[in-house]
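Counting convention: from 1, in listed order, for ligands and their atoms alike.
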Amino acid sequence: MNKPVILVVDDDPQVLAAVRRDLRSRYRESYSVVGAASGEEALATVRELKARGDALAVVITDQRMPGIHGTEVLSRTREIYPDARRVLLTAYSDIDAAVRAINESHLDHYLSKPWDPPEERLFPVVDDLLDTWQAGYLPEAKGLRLVGHQWSPRSHEIKNFLASNLIPYRWLDVARDEAARALLEAGGVSPEDLPALFFEDGSVLRQPEPRQVAERLGRPLSAAFDVYDLVIVGAGPAGLAAAVYGASEGLRTLLLDRHSPGGQAGTSSRIENYLGFPAGVSGSELTRRAVAQAQRLGAEFIVPLEVMGISIADGYKRLALGDGREIVTRTVLAATGMEYREHQAPGVADLSGAGVYYGAATAEAPAFRGRRVLVVGGGNSAGQGAMYLARFASEVQIVVRRDSLRETMSQYLIDQIAGTSNIRLRSLTEIDRVEGDGRVERVALRSLEDGASRVEEVDAVFIFIGTRPRSDWLPAGVLRDAKGFVLTGRDLRAADAFARTWKERREPMALETSAPGVFAAGDVRSGAMNRVASAVGEGAMSVRLVHEYLSLT
Ligand SMILES: Cc1cc2nc3c(=O)[nH]c(=O)nc-3n(C[C@H](O)[C@H](O)[C@H](O)COP(=O)(O)OP(=O)(O)OC[C@H]3O[C@@H](n4cnc5c(N)ncnc54)[C@H](O)[C@@H]3O)c2cc1C
């Protein structure tokens, strides 16, 4: 197997030689640094690498070249190597082109010439890009391989678990992949045992549960201590931020999640409005960084582990866990966010996981290459989902009940969708039913203008509507609004049951619930802003309040 490649493109021979020399001095052990003197030569090299089956990690290209420009090299490389990181090398006067390229070519970074000293201005950028690329890279013959049926909900569950827990794996569809059948034969695995997860050492897990996979991968599944200062329930942006601050400020901090870190944000293919990431950042990348940061600072992290309930006595909170055990803590942060509500159209429940998916389901998107899919919903999450699916599917239809996306989606996404030829908006339309034999094959779509229903062939339906707070695990003493979102701070005063519930002499703190020492942050909280940044802000702020509460007890 050849080393992964870093490709450098510049028509100025001196610049090309200098960048290659600098990159070689640092990366030659693990990467081949390849040069190209024009856009045309770069694209020929990319096609050659693909034909040889080599991995392309990073492309660094000059912008102004005769013939094919740098931005076009990056866009076309992305079609062949979607995961390769893309960097534009610009003169100071070209910064505008670089900023435009962030949108058009989904640029990861731009570097201004000159980049001296490379230790400060080149290597930190390339180190970071290689780190990100490595996190998702799995050499052809190595690592985990999951074999199963594309339309099996069990396969979907394990794919989703591996992908959202950022565990690289290779998916092999038993109906399409020769390699899948060879693996089954070699491992003595029968079709009834699917899905089956093959490990590098040759061992196999047949029809595994997510918890078994986590255990087999050596992830901790039980708490290290008997008593914690802070237990954070839910590892979305709010929980992860609280874990970073809690651990860094010396609190004995435990973070739990029933499924995977990242929460809703982790399913986003591209978050464009989070501060500090001018080129946008995928939810999985943001999550990878946040988990590494929380763990480095000393937070303990267990996943998958669900919290089923809390009982409170003498100021201590006992959390009942999904595995039957209990953990004791002095404070709790409820950061359990929201989840999609089941769509009620006939057929949806039966085909869930077999072509019907909730949210972006990024792990499934590549399976719909060349197929027709529907996205249901008109919010930003639906817009991002549609843009991501359009990279694979032949046609993506966005189904919304309103007459346009104007009031529900950000303009930057509306513009991106308008500029994507294989996305079509179906306004004033809703799903009547979903049909198919063991997998989605057809949907009946009803027009809200004339009430007419039409059956159309599609291969998948991605649902992005109808969310509800995940607050049902909290005890009755934690007051909620009419929709189930958790009331905190001053908002509690307006609740009828507040006077009966709150027995402290002090007022509840800003993010404190009606149970002293139980805080809430992020989307689960009544009045939340439903943004990554606001969830992160509240998670960070909650730790300050936890300190205050602990100082009172
Ligand atoms: C597809 C998509 C794209 C988005 N894009 C953007 C964007 O571009 N910009 C932006 O600002 N916002 C975006 N958002 C919104 C943003 O992701 C949310 O506002 C944010 O994730 C809320 O964070 P949170 O930590 O409060 O909750 P969540 O992200 O909902 O995380 C809650 C976590 O709690 C866990 N959990 C739930 N119940 C339990 C339990 N009982 N025990 C243990 N764990 C539990 C869940 O598994 C989950 O991981 C997007 C949302 C979606 C769905």
Verify, without hydrogens or angle tests, whether [X] (side chain) and [Y] (backbone) share a donor-acceptor contact under 3.5 angstrom.
X      : Y      : value
Asp491 : Leu487 : no
Asp108 : Val87  : no
Ser410 : Leu413 : no
Glu300 : Ala224 : yes
Asp257 : Ala235 : yes
Thr488 : Thr513 : no
Tyr358 : His343 : yes
Thr253 : Leu251 : yes
Asn165 : His259 : yes

Proximal atoms of ligand 1 relative to [X] (non-hydrogen, under 4.0 Å):
X      : value
Asn273 : 7 (C), 8 (O), 9 (N), 10 (C), 11 (O)
Thr336 : 32 (C), 34 (O), 36 (N), 37 (C), 38 (N), 39 (C), 40 (C), 45 (C)
Met338 : 30 (O)
Thr267 : 1 (C)
Ser260 : 49 (O)
Gly522 : 26 (O)
Tyr340 : 53 (C)
Trp473 : 41 (N)

In terms of residue, atom name and distance, what is the protein heavy atom nearest to [atom]?
atom                    : result
atom 6 (C) of ligand 1  : Gln384 NE2, 3.8 Å
atom 33 (C) of ligand 1 : Asp257 OD2, 3.5 Å
atom 50 (C) of ligand 1 : Ser381 CB, 4.6 Å
atom 29 (O) of ligand 1 : Gln264 N, 2.8 Å
atom 25 (O) of ligand 1 : Ala238 N, 2.9 Å
atom 18 (C) of ligand 1 : Asp523 OD2, 3.3 Å
atom 36 (N) of ligand 1 : Arg258 CD, 3.6 Å
atom 15 (C) of ligand 1 : Asn530 O, 3.8 Å

task: Answer yes or no for atom 53 (C) of ligand 1: protein heavy atom present at a distance under 4.0 Å?
output: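 Yes.
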task: Scan the protein's non-hydrogen atoms and note whether one is under 4.0 Å from atom 9 (N) of ligand 1.
output: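 Yes, there is one.
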task: Could you tell me whether Trp151 and Tyr357 have their ring centroids closer than 6.0 angstrom?
output: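 Centroid separation for Trp151 and Tyr357: 6.0 Å or greater.
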message: Below 4.0 Å from ligand 1: does a non-hydrogen atom of Ser269 turn up there or not?
response: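 No, Ser269 has no heavy atom closer than 4.0 Å to ligand 1.
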Is [X] touching ligand 1 with its side chain, its backbone, both, or neither, if touching means heavy atoms under 4.0 Å apart?
X      : answer
Arg470 : side chain
Ser534 : neither
Ile271 : both
Asn380 : neither

Taking N or O atoms only and a 3.5 Å limit, does [X] qualify as a polar contact for ligand 1?
X      : result
Arg270 : no
Ala265 : yes
Val307 : yes

Minimum non-hydrogen distance to [atom], winning option of [options]:
atom                    : options                        : value
atom 23 (O) of ligand 1 : Pro237, Gly385, Ser164         : Pro237
atom 32 (C) of ligand 1 : Ala335, Gly234, Gly383         : Ala335
atom 13 (C) of ligand 1 : Val532, Thr467, Leu256, Leu305 : Val532

- request: Could you give me the CA-CA distance, side-chain angles and deciding distance for Arg289 and Asp128, then say whether salt bridge (Lys or Arg N to Asp or Glu O under 4.0 Å) is met?
  value: CA-CA 11 Å; Arg289 287 166 183 256; Asp128 196 46; 2.8 Å; yes
Gln264-Glu339 side chain donor-acceptor pair, cut-off 3.5 Å: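 No pair is found: no donor N or O on one side chain lies under 3.5 Å from an acceptor on the other.
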message: Between Asp229 and Arg330 (salt bridge meaning N to carboxylate O under 4.0 Å), is one present in this structure?
response: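 Answer for the salt bridge query: yes.
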Tyr316 atom OH, over 12 foreign heavy atoms within 6.0 Å: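 Atom OH in Tyr316 is not crowded, with 12 or fewer foreign heavy atoms closer than 6.0 Å.
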- prompt: Counting heavy atoms not belonging to Arg372, are there more than 12 under 6.0 Å from its CZ?
  reply: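 Yes, enclosed.
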message: Taking salt bridge (charged side-chain N to carboxylate O under 4.0 Å, His left out) as the cut-off, I'd like each qualifying pair that reaches into residues 411-428, sequence neighbours left out, listed once.
response: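 Listed by first then second residue: Arg426-Glu456.
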- prompt: Do you know which of Arg531, Arg525, Arg544 makes salt bridge (Lys or Arg N to Asp or Glu O under 4.0 Å) with Glu538?
  reply: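 The residue from Arg531, Arg525, Arg544 that satisfies salt bridge (Lys or Arg N to Asp or Glu O under 4.0 Å) with Glu538 turns out to be Arg525.
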